Amino acid sequence: MVFLTLSNLIRCRGPDEFWRKRKIFRLAAHFLGRRRNTYSVAVRNVHRALVYSTKARALKKEDMKNLWDTRITAACEQQNITAFSLREGLERANILLDRKSLSDLASWEPKTFESLAAVAKQKLCFDDFVDSTDKKEPTGNDINLNSVWLEGLKDGK
């Protein structure tokens, strides 16, 4: 572009401004009213929305962690073992499963979780481990490793 006068050069900020505004307007496309059409209003609301989405990602991770812990605790109570004891027993037996994996097993594979709980209990008995974190005894079926294995052999699995 060739500008014959200085005033025309000052008024034109070039393509950078167009693309900068376009990026904001595309992020504000689903807003209503002036939040969508006016740049000065849109840029404030887009920045606020981006801050909320950043915080929401951390909250989502925290919510999933709480859900997994709840599922693991509920399944552990059915197997008459505390969640802390389960994790400790599995760790001592070199079975390294994270919260998500244990939660999925507790929800979708209860027999597998029952076997893991039996392995953890057996390992804790061998190591003479006493769980002093939870004073309350869980109320569930008392299981041992041999009964779980024998049931699996009877079913043909």
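The structure displayed is predicted, hence computed values, not measured ones.
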Between Arg36 and Ala29, is there a donor-acceptor pair closer than 3.5 Å when you use the side chain of the first and the backbone of the second? yes
Cationic N near anionic O, under 4.0 Å, Glu91 to Arg87: no
Could you pull out the closest heavy-atom pair between Val119 and Ala93, with the gap in Å? CG1-CB, 4.2 Å
Derivation and outcome, side chain to side chain contact (heavy atoms under 4.5 Å, CB included), residues Asp63 and Lys60: CA-CA 5 Å; Asp63 287 345; Lys60 181 181 177 184; 5.7 Å; no
Under the side chain to side chain donor-acceptor pair (under 3.5 Å) rule, collect the residues that match up with Arg48, sequence neighbours excluded. Asn45
Quick one, Trp68 with Leu102, criterion side chain to side chain contact (heavy atoms under 4.5 Å, CB included). Give me CA distance, side-chain angles, the key distance, then yes/no. CA-CA 8 Å; Trp68 296 333; Leu102 283 173; over 6 Å; no
Could you give the distance from CG (Asn66) to NZ (Lys61), rounded to the nearest 0.5 Å? 14.0 Å
Residues Leu50 and Thr54: closest non-hydrogen pair is O-OG1, 2.9 Å
Under 3.5 Å donor-acceptor, Ser107 side chain and Asp104 backbone: no
Is there side-chain contact between Phe31 and Asn37, with at least one heavy-atom pair below 4.5 Å? no
Say you draw a straight line from OG1 of Thr82 to CG of Leu124; how long is it, rounded to the nearest 0.5 Å? 8.5 Å
What distance do His30 atom NE2 and Arg35 atom CZ have between them, rounded to the nearest 0.5 Å? 7.5 Å
Minimum-distance pair of heavy atoms, taken over all atoms of Leu86 and Cys76: CD2-SG, 3.5 Å
Summary of side-chain hydrogen bond (donor to acceptor under 3.5 Å, both in side chains) pairs that have at least one residue in residues 93-102, sequence neighbours excluded: Asp69-Arg99, Asp98-Ser101
Working to the nearest 0.5 angstrom, can you tell me the gap between Lys123 NZ and Ile95 CD1? 10.0 Å
How would you list, by chain and number, every residue that makes a side-chain contact (heavy atoms from CB on, under 4.5 Å) with Tyr39, sequence neighbours excluded? Arg20, Lys21, Ile24, Phe25, Val43
Phe18 CZ to Lys23 NZ distance, which is reported to the nearest 0.5 Å: 13.0 Å
Nearest 0.5 Å, what's the CD-OG distance between Glu109 and Ser115? 10.5 Å
Any Leu96 side-chain heavy atom under 4.5 Å of Leu90 side chain: no
